[in-house]
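Worksheet for the structure shown next.
Atoms within each ligand, like the ligands themselves, are counted from 1 in listed order.
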Amino acid sequence: MGKLAKWLRIMGFDTLFFNGSDDSGMIAIALAEDRVILTRDTQIMKRRVVTSGRLKAILIQSDKPELQMQQVIDSLNLDCQFKPFSICLECNQPLVERSEQQVKDLVPSYVFKTQSQYMECPACRRIYWRGTHWQAMTKKLEKFIKG
Ligand SMILES: [Zn+2]
């Protein structure tokens, strides 16, 4: 599920990742922030808050990230609203656009020479740019969207 969370962030969706034990804490946050729970845990699906429809939850069927993405995109109709590379993959913060001058001393010189568009995470200060990794991910994303 960690990979799925990362992919959702790549698509630009505000995604929190909970690792493990505190189901009640996760449910409380989901209710407070109007989030949808994506889980592989059938116990969560049996909770009253879910069965009553107060909280939307999706039981993820596959353990393959590609199929998980497909299921989430299909069941939430995400394909037309995605905004790739707008959220930090590490801390789920919206990225801010930065000029070349602003990042000059922050990125490796080989990157600076070849790239002109940069985004920065205001929380962890990580700089994102449209390198080859980015292009590879965009290709993969398009495949998810088109099925
Ligand atoms: Zn960050």
Exercise. For Arg125, what residues pass the side-chain hydrogen bond (donor to acceptor under 3.5 Å, both in side chains) criterion, not counting sequence neighbours?
Worked result: Glu120
Exercise. Number of protein N/O/S atoms less than 2.8 Å from the Zn ion (ligand 1)?
Worked result: 4
Problem set entry | Joint cluster assignment, Leu16 & Ile87, ILVMFWY side-chain distance < 4.5 Å | no
Exercise. Quick one: side-chain hydrogen bond (donor to acceptor under 3.5 Å, both in side chains) partners of Arg126, sequence neighbours excluded?
Worked result: none
For this session: Name all residues meeting the side-chain hydrogen bond (donor to acceptor under 3.5 Å, both in side chains) criterion together with Gln115; count only those two or more places apart in sequence or in a different chain, and write none if there are none.
Result: none
Exercise. Nearest 0.5 Å, what's the CD1-CD distance between Ile60 and Gln68?
Worked result: 6.0 Å
Exercise. Are any of the side-chain nitrogens in Arg35 or Asp14 under 4.0 Å away from the carboxylate oxygens of its partner?
Worked result: yes
